[in-house]
*Asks:* 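The following block contains the structure, expressed as structure tokens.
Numbers here simply count residues along the sequence, with the first being 1.
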Amino acid sequence: MGSNITSTSIIFLLTGVPGLQAFHTWISIPFCFLYVTALLGNSLILFAIITQPSLHKPMYYFLSMLSATDLGLSISTLVTMLSIFWFNVREISFNACLSQMFFIKFSTVMESSVLLAMAFDRFVAISNPLRYAMILTDSRIAQIGVASVIRGILMLTPMVALLTRLSYCHSQVLHHSYCYHPDVMKLSCTDTRINSAVGLTAMFSTVGVDSVLIFLSYVLIIRTVLSIASPEERKKTFSTCVSHIVAVAIYYIPLISLSFVHRFVKQAPAYVHTMIANTYLLSPVMNPVIYSVKTKQIRRAVIKILHSKET
């Protein structure tokens, strides 16, 4: 592998769990369970929101966007991960790798955008309830959705496209069971400073900006909640935010950890990268669980659908 290889002919090798290859079949069982939970849970929430008129409200429209994004993230990683665990099929072509990387990153940016929109929704509902319906109209929600998609495409296309200008002459073994941008970049023997700068810019201007704005939304929400005189009302108002706060934590903590380990903890054992990379995929599993447990209307709608299927 000493000579330069043109990007179009390159085949990368994905990695399962380093050192535990003999147990891949057993490891696949919890992953299958998690994928089935993510796919069924998010599909059920999407179906409930589409079919139940009582859920045709801004908060639930944003939740349906979150579920659609989670389905996208699950499907993007499902094929390669289970191929490794079940059949030890590790090869992925360069173009397939870039496509998978784009869809994973796009789902990541979309999830961040939707979590920000949900924070804005909670802020308006709590601080300006009388104008809530006027501010968050159906057309405005659609505009937010379209703007999130356009932003994701504009930010991520250059980041992924710039990988085609690199030469790959190191080992072709990637450290994850899916294609991850810094992981692919490390295998290049070309100068990757432009790629690194574009990748960081894309992440800072999407996930970075969103996380700051979500934090500011909650500072304003807490300020509004604390101005409510009755402790009972205060508790009731803030409880409408609990699901969203948990969803934000489940999304941002693994994502920041994964970026941090890749960029700064160079000597971390291989399984540390693997564990964090796979935890990053847990938000699609947890979001339907959180919203079904914490949101009474979603829980009722899901139970209603399941009962109607039985009868």
*Asks:* Enter the distance from L63:CG to M118:CE here, rounded to the nearest 0.5 Å.
*Replies:*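 Those atoms lie 5.0 Å apart.
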*Asks:* Could you pull out all donor-acceptor pairs under 3.5 Å where a side-chain atom in residues 215-223 meets a protein atom, sequence neighbours excluded?
*Replies:*
from: S217; atom 1: OG; to: L213; atom 2: O; distance (Å): 2.9
from: Y218; atom 1: OH; to: H244; atom 2: ND1; distance (Å): 2.7

*Asks:* Minimum heavy-atom separation for F106 to V149, with atom names?
*Replies:*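 Heavy-atom minimum between the residues: CE1-O, 3.6 Å.
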*Asks:* Are more than 12 heavy atoms, taken from residues, nucleotides or ligands other than Y61, located less than 6.0 Å from that residue's OH atom?
*Replies:*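 More than 12 within 6.0 Å, yes.
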*Asks:* Distance from F238 atom CZ to R122 atom CZ, nearest 0.5 Å?
*Replies:*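 F238 atom CZ to R122 atom CZ measures 11.5 Å (nearest 0.5 Å).
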*Asks:* Minimum heavy-atom separation for K294 to S243, with atom names?
*Replies:*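 Answer, listing the atom of K294 first, then S243: CB-OG, 2.8 Å.
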*Asks:* Would C32 and W86 count as a side-chain contact (heavy atoms from CB on, under 4.5 Å) here? Give the steps.
*Replies:* CA-CA 11 Å; C32 280; W86 286 350; 3.2 Å; yes
*Asks:* Hey, does V173 have a side-chain heavy atom less than 4.5 Å from the side chain of R90?
*Replies:*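 They are in side-chain contact.
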*Asks:* Determine whether F62 and I144 make a side-chain contact, defined as any pair of heavy atoms from C-beta on separated by less than 4.5 Å.
*Replies:*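 Yes; the side chains approach each other to less than 4.5 Å.
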*Asks:* Quick one: are I141 and M65 in side-chain contact, heavy atoms under 4.5 Å?
*Replies:*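 They are in contact (side-chain heavy atoms under 4.5 Å apart), so the answer is yes.
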*Asks:* Using the test side-chain contact (heavy atoms from CB on, under 4.5 Å), find all partners of T25 that sit at least two apart in sequence or belong to another chain.
*Replies:*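 Testing T25 for side-chain contact (heavy atoms from CB on, under 4.5 Å), a comparison that skips the adjacent residues, returns none.
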*Asks:* So, T295 side chain and Q297 main chain: donor-acceptor pair closer than 3.5 Å or not?
*Replies:*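 The answer is no, because no donor-acceptor pair under 3.5 Å joins these two groups.
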*Asks:* Does T224 use its side chain to pair, donor to acceptor, with the backbone of S127 at less than 3.5 Å?
*Replies:*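 It does not hold such a pair.
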*Asks:* Identify the two heavy atoms, one from P254 and one from A249, that lie closest to each other, and give their separation to 0.1 Å.
*Replies:*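 Shortest heavy-atom contact: CD-O, 3.9 Å.
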*Asks:* Between the main-chain N or O of F47 and the side-chain N or O of T51, is there a donor-acceptor pair closer than 3.5 Å?
*Replies:*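 Present.
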*Asks:* Kindly work out whether a path of hydrophobic side-chain contacts (I/L/V/M/F/W/Y, heavy atoms less than 4.5 Å apart) joins I49 to L40.
*Replies:*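 No, I49 does not connect to L40 through the hydrophobic network.
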*Asks:* Compute whether any side-chain donor of one residue and acceptor of the other, for Y251 and N287, lie under 3.5 angstrom apart.
*Replies:*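 No.
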*Asks:* Just wondering, do I126 and C241 contact through their side chains at under 4.5 Å, heavy atoms?
*Replies:*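 In contact.
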*Asks:* Is there a path of hydrophobic side-chain contacts, each under 4.5 Å between heavy atoms, that joins F87 and I27?
*Replies:*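 Yes: a chain of side-chain contacts under 4.5 Å links F87 to I27.
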*Asks:* Check whether T80 reaches the backbone of S177 with its side chain - one donor and one acceptor, N or O, closer than 3.5 Å.
*Replies:*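 Yes: the side chain of T80 pairs with the backbone of S177.
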*Asks:* So, N195 side chain and M159 main chain: donor-acceptor pair closer than 3.5 Å or not?
*Replies:*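 Absent.
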*Asks:* Decide yes or no for L255 and T108: does some side-chain heavy atom of the first lie under 4.5 Å from some side-chain heavy atom of the second?
*Replies:*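 When only atoms from C-beta onward are counted, T108 and L255 do touch, with a gap below 4.5 Å.
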*Asks:* For the OG atom of S167 and the CG atom of L187, what is their distance to the nearest 0.5 Å?
*Replies:*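 Reported value, rounded in 0.5 Å steps: 12.5 Å.
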*Asks:* Is any side-chain heavy atom of M203 less than 4.5 Å from a side-chain heavy atom of K105?
*Replies:*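 They are in side-chain contact.
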*Asks:* Under the 3.5 angstrom rule, does the side chain of T69 hit a backbone N or O of M110 as a donor-acceptor pair?
*Replies:*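 Judged by distance alone, no pair lies under 3.5 Å.
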*Asks:* What I'd like to find out is whether the side chain of L98 reaches to under 4.5 Å of the side chain of M101, using heavy atoms alone.
*Replies:*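 When only atoms from C-beta onward are counted, M101 and L98 do touch, with a gap below 4.5 Å.
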*Asks:* Between Y178 and Y180, how do the two ring planes meet: parallel, tilted or perpendicular, split at 30° and 60°?
*Replies:*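 Answer is perpendicular, since the angle exceeds 60°.
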*Asks:* For residues M81 and F31, determine if any side-chain heavy atom of one lies less than 4.5 Å from a side-chain heavy atom of the other.
*Replies:*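 Contact flag for M81/F31 side chains = yes.
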*Asks:* Name each donor-acceptor pair under 3.5 Å that joins a side chain in residues 72-79 to protein atoms two or more places apart or in another chain, with its distance.
*Replies:*
from: S74; atom 1: OG; to: D70; atom 2: O; distance (Å): 3.0
from: S76; atom 1: OG; to: G72; atom 2: O; distance (Å): 2.5
from: T77; atom 1: OG1; to: Y35; atom 2: OH; distance (Å): 2.8
from: T77; atom 1: OG1; to: L73; atom 2: O; distance (Å): 3.3
from: T77; atom 1: OG1; to: S74; atom 2: O; distance (Å): 3.3

*Asks:* When rounded to the nearest 0.5 angstrom, what is the spacing between CD1 in I290 and CG in L66?
*Replies:*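 Atom-to-atom, I290:CD1 and L66:CG are 9.0 Å apart.
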*Asks:* I would like to know whether V209 and L116 meet side-chain contact (heavy atoms from CB on, under 4.5 Å); could you show each step before the answer?
*Replies:* CA-CA 10 Å; V209 169; L116 173 58; over 6 Å; no
*Asks:* I'd like to know whether Y132 forms a side-chain contact (heavy atoms from CB on, under 4.5 Å) with I135, so could you lay out the CA-CA distance, the side-chain angles of the two residues, the decisive distance to 0.1 Å, and finally the verdict.
*Replies:* CA-CA 5 Å; Y132 179 71; I135 294 169; over 6 Å; no
*Asks:* Do any pairs count as a disulfide bond (SG atoms under 2.5 Å apart) and have a residue in residues 59-129, sequence neighbours left out, and if so which ones?
*Replies:*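 Every pair satisfying disulfide bond (SG atoms under 2.5 Å apart) with a residue in residues 59-129: C97-C179.
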*Asks:* Quick check: does any side chain N or O of H175 sit under 3.5 Å from a backbone N or O of L14, one acting as donor and the other as acceptor?
*Replies:*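 Not confirmed, H175 side chain does not pair with L14 backbone.
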*Asks:* Can any side-chain N or O of S230 pair as donor or acceptor with the backbone N or O of E233 at less than 3.5 Å?
*Replies:*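 Yes, S230 side chain to E233 backbone: donor-acceptor pair under 3.5 Å.
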*Asks:* Output all residues satisfying side-chain contact (heavy atoms from CB on, under 4.5 Å) with S67, sequence neighbours left out; order by chain, then residue number.
*Replies:*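 Expected list: N42, I45, L46.
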*Asks:* Could you tell me the separation between the CD1 atom of I10 and the CD1 atom of I92, rounded to the nearest 0.5 Å?
*Replies:*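 The CD1 atom of I10 sits 12.0 Å away from the CD1 atom of I92.
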*Asks:* Check whether L163 and I194 end up in the same hydrophobic cluster, where Ile, Leu, Val, Met, Phe, Trp and Tyr are linked by side-chain heavy atoms less than 4.5 Å apart.
*Replies:*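 Yes, because L163 and I194 connect within a single hydrophobic cluster, where side-chain heavy atoms sit under 4.5 Å apart.
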*Asks:* Are the side chain of S211 and the backbone N or O of G208 linked by a donor-acceptor pair below 3.5 Å?
*Replies:*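 Between the backbone of G208 and the side chain of S211 there is a qualifying donor-acceptor contact (under 3.5 Å).
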*Asks:* What is the distance from atom CG of L13 to atom CD of E91, rounded to the nearest 0.5 Å?
*Replies:*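 Between atom CG of L13 and atom CD of E91 there are 5.5 Å.
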*Asks:* If a pair satisfies salt bridge (charged side-chain N to carboxylate O under 4.0 Å, His left out) and one of its residues is in residues 146-158, list it, with sequence neighbours excluded.
*Replies:*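 Qualifying pairs, neighbours excluded: R151-D210.
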*Asks:* Please give me the minimum heavy-atom distance between P288 and P284, naming the atom from each residue.
*Replies:*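 That closest heavy-atom pairing would be CD-O, 3.1 Å.
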*Asks:* Mind listing the closest non-hydrogen atom pair of A202 and L156 along with its distance?
*Replies:*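 So the minimum-distance heavy-atom pair works out to CB-CD2, 4.5 Å.
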*Asks:* If two hydrophobic side chains count as joined below 4.5 Å and joins carry through other members, does I253 share a cluster with I245?
*Replies:*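 Per the 4.5 Å side-chain linkage, I253 and I245 are not co-clustered.
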*Asks:* Within the distance-only criterion (no hydrogens, no angle test), does the side chain of T240 pair as donor or acceptor with the backbone N or O of T237 below 3.5 angstrom?
*Replies:*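 Between the backbone of T237 and the side chain of T240 there is a qualifying donor-acceptor contact (under 3.5 Å).
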*Asks:* Would you check, one step at a time, whether the test side-chain contact (heavy atoms from CB on, under 4.5 Å) holds for V89 with I84?
*Replies:* CA-CA 5 Å; V89 174; I84 294 166; over 6 Å; no
*Asks:* Tell me whether F204 shares a hydrophobic cluster with L154, the cluster being built from Ile, Leu, Val, Met, Phe, Trp, Tyr side chains joined at under 4.5 Å.
*Replies:*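 The answer is no; the residues belong to distinct hydrophobic clusters.
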*Asks:* Are the aromatic ring centres of F94 and Y168 under 6.0 angstrom apart?
*Replies:*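 Yes, they do, as the ring centres are separated by less than 6.0 Å.
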